[in-house]
Number of protein chains: 2
Amino acid sequence: MKKKSVTSHDVARLAGVSQSAVSRTFSPDAKVSDKTRKKVMEAARQLGYRPNTIARSLITRSSRTIAVVVYSLENPFYSYMLEKASRFFKQQGYHLLLFSASSSDGFDDVLDDILRSQVEGILMLAITLNDDQAALVCDYGIPVVIINRTVDYAGISQVACDNFQGGYWAGRHLVSLGHRRIAYLSGLVDSSTDIQRRAGFVEGLASMGAALHDSGIGHYQYTSACQATRLLFASTTPPDALFAANDLMAIAAMEVIQSEFCLKVPEDVSVIGFDDVPMAAWPSHSLTTLQQPVQTMIMRATELLLAQIDQPDTPPQQITLPVTPMLRGSVRRPSGDVNDT
Amino acid sequence: MKKKSVTSHDVARLAGVSQSAVSRTFSPDAKVSDKTRKKVMEAARQLGYRPNTIARSLITRSSRTIAVVVYSLENPFYSYMLEKASRFFKQQGYHLLLFSASSSDGFDDVLDDILRSQVEGILMLAITLNDDQAALVCDYGIPVVIINRTVDYAGISQVACDNFQGGYWAGRHLVSLGHRRIAYLSGLVDSSTDIQRRAGFVEGLASMGAALHDSGIGHYQYTSACQATRLLFASTTPPDALFAANDLMAIAAMEVIQSEFCLKVPEDVSVIGFDDVPMAAWPSHSLTTLQQPVQTMIMRATELLLAQIDQPDTPPQQITLPVTPMLRGSVRRPSGDVNDT
DNA sequence: CTGAAAGCGCTAACAA
DNA sequence: TTGTTAGCGCTTTCAG
């Protein structure tokens, strides 16, 4: 447990070369003779030398670090993204600095923290920026890509899915199945995804001459969704179909519906989710849901971020990807000829 | 998108003070007159100044950054830990640098990367170090805490559960329930957790006069566990009880058993898992499992790491916490008087 | 309490 | 190709 700290000087001394020779040896685009390099490498090995990234960052003004901000990792959808992002950036030679933020209140502090850490880009998973925050980051000239949340600020990139369309499909599908008491289980009511999914859903219902029967709020979380479901089904006119703003809540709802209200899915109640997390396909859930192309989303987001870092004049983009309905066992089978979108 | 970069000099100039005054103002233990501080703060605000963490780290030789290495985030057990760790360290003023490593092969590169980044501590989730790696880190004097994996190297701290005891309980419990064709579903056969759980299990069986009937390997993953389960149950003498090395695999097994082999859990097959991830308690799984005290584990680990950073003479510790059997619906009810451990 | 000066470990001109 | 020389933006003595 000796606190040493081998510097390039030490290596230079041992190798009998200048300190810059050492630096060059450890620089990607070296211009060093093989002889020098060999000497340096040997000395470095002997001393256990490793270049100090911090010092390097200070002078090159590039930390090769990305800040990833997550809201919660409870949802496998985001832990999957995080994992993928981690591998992608590592492969590109970037490090990931992980931040978590509960809400966009108090995010000011987190943002301040991020800005001090000299990251070269920010990837936000399901978190948004308010106008001041957006202005701040833009002013700093640091690229941001927001996944699954929108922000009304040109200059900030975002990657999301067609939430409206997904909601719309869900609405029409449930009506087409003959449901009439159709409820919506919100995530966070002020999140853009929730707003869009809900709007699409309501419009989908309307397009079939139906309307929203009831709704609850599940905060995109399991336990909260269970609670909301209890409220919904304790009503004198409980829903016969439910569209939840994400899979985690849809599954929570199914658990409550089946185990606490002794209703059957899909016989008594149809349930549709959103995301298509791996779990949704497990036989015991068999959740009909709207698939978001996670892989594509994270790829587009990470590539976009890198592009903006490498070429600061790359224009920010708002990318919207299509969702795909995944028909599984949690909704009734169509009874007869309904023409569905 | 202007690439500025306000330094303490700029602030000093505007505030009409020296650059050191600015530095002091932004140092936690400042010794600045209120008048100066006020001037500095005003100038800083005006310019949007934020101290450069990198420069600070270089001179203070402390990055206030912890490296967290994860194996996979598919298992909610670890994504939960990561989230908790993130919040804890943030609260302590530390940043988290996220690394992922698939196996301990090729971990050399990751370790090299970590060492270069001047982190002050390393937290490893379900990944271990080989002797060389352990020696290397110790030599660098950088504290490491390994969660859920052991390493034969004094000087490295580890936090884990009594895996042997957990396996032992599972073994005895299944036999006591009258099972005789008892199988084990391995995670990664060379992981310490798997080795210990299996050993405890086998010994538990033996203590009741039973022996392992069969086993499979599920790599701690869902899909792999499904595959292993298929093999196990396609046998002419399929198991009537299964102990899986983690919950994810136990759930995978139940899915396959029920949906593909049309067997009932627990009537035809009893299943026991390990971890007690939140999902295990969901009614549709209702998995009997051995609870690891995640909260405690992560607390102990993070506190230990911090202690070792703050006081380098803090001795490394090997912490083993007890596991708690959680009896749920995935195992038969005891039929008669069995005396269980 | 404040400013001047000396670096932290490294990269990047510039000369040799 | 190499060594020499300036710093990167900050903290930290050390005088004043």
Side-chain angles (χ1 to χ4, degrees), chain A residues 3-41 43-44 47-65 93 95 113 115-120 140, chain B residues 3-41 43-44 47-65 93 95 113 115-120 140:
Chain A
K3 259 276 181 228
K4 47 184 176 182
S5 185
V6 186
T7 75
S8 51
H9 277 106
D10 301 329
V11 178
R13 201 171 308 123
L14 181 62
V17 299
S18 79
Q19 180 268 335
S20 7
V22 179
S23 170
R24 290 197 185 94
T25 305
F26 284 91
S27 286
D29 45 320
K31 281 168 74 65
V32 206
S33 67
D34 277 358
K35 209 179 75 202
T36 310
R37 148 166 280 119
K38 207 140 284 171
K39 280 194 294 185
V40 170
M41 286 313 247
L47 297 173
Y49 169 75
R50 274 179 185 74
N52 182 328
T53 306
I54 293 192
R56 174 180 299 194
S57 299
L58 183 59
I59 191 159
T60 60
R61 279 104 174 294
S62 85
S63 60
R64 292 200 79 83
T65 299
H95 286 163
D113 206 10
L115 260 20
R116 296 165 119 97
S117 13
Q118 314 295 120
V119 297
E120 298 185 34
Y140 260 73
Chain B
K3 261 273 180 227
K4 49 182 175 181
S5 186
V6 186
T7 75
S8 51
H9 277 105
D10 302 329
V11 178
R13 202 172 307 121
L14 180 62
V17 297
S18 78
Q19 179 268 336
S20 4
V22 179
S23 170
R24 290 195 185 96
T25 306
F26 284 91
S27 285
D29 46 321
K31 279 166 76 61
V32 207
S33 68
D34 277 359
K35 212 179 73 200
T36 310
R37 147 165 283 119
K38 206 141 280 170
K39 281 194 294 187
V40 170
M41 286 312 248
L47 297 173
Y49 168 75
R50 273 180 187 72
N52 182 327
T53 307
I54 293 191
R56 173 180 298 190
S57 299
L58 182 59
I59 191 157
T60 60
R61 282 103 173 295
S62 85
S63 60
R64 291 200 79 84
T65 298
H95 285 162
D113 207 10
L115 260 19
R116 296 164 119 99
S117 12
Q118 313 297 120
V119 297
E120 299 185 33
Y140 260 72

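In what follows, chains carry the letters A, B, and so on, assigned in the order in which the sequence lines appear, proteins first and then strands, with residues in each chain numbered from 1.
Counting heavy atoms from C-beta on, the side chains of A/Pro51 and A/Arg56 come closer than 4.5 Å. Taking 4.5 Å as the limit, every side-chain heavy atom of A/Leu14 sits out of range of all side-chain heavy atoms of A/Val11. You'll find the side chain of B/Met41 reaches within 4.5 Å of the side chain of B/Phe26, heavy atoms only.
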Practice task
Start with the C-alpha distance between A/Asp113 and A/Arg116, add both sets of side-chain angles, then the distance that settles salt bridge (charged side-chain N to carboxylate O under 4.0 Å, His left out), and finish with yes or no.
Solution key: CA-CA 5 Å; A/Asp113 206 10; A/Arg116 296 165 119 97; 5.6 Å; no
Exercise for the section: Please lay out, stage by stage, how B/Val17 and B/Val22 fare under the test side-chain contact (heavy atoms from CB on, under 4.5 Å). Expected result: CA-CA 8 Å; B/Val17 297; B/Val22 179; 4.2 Å; yes
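To the nearest 0.5 angstrom, A/Ile54 atom CD1 is 12.5 Å from B/Ile59 atom CD1.
Under 4.0 angstrom from either OP1 or OP2 of C/dT2 there lies at least one side-chain N or O belonging to B/Ser33.
Computed from coordinates, the B/Lys38 NZ to C/dT2 P distance equals 13 Å when rounded to whole Å. Distance CZ (A/Arg37) to C1' (D/dT1): 12 Å, rounded to an integer number of Å. Separating the NZ atom of B/Lys31 from the C1' atom of C/dG3 is a distance of 15 Å, rounded to the nearest angstrom.
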Exercise for the section: Going 5' to 3' through nucleotides 8-16 of chain D, assign each nucleotide B (protein heavy atom under 4.0 Å from a base atom), S (under 4.0 Å only from sugar-phosphate atoms) or - (no protein heavy atom that close). Expected result: BBBBBB---
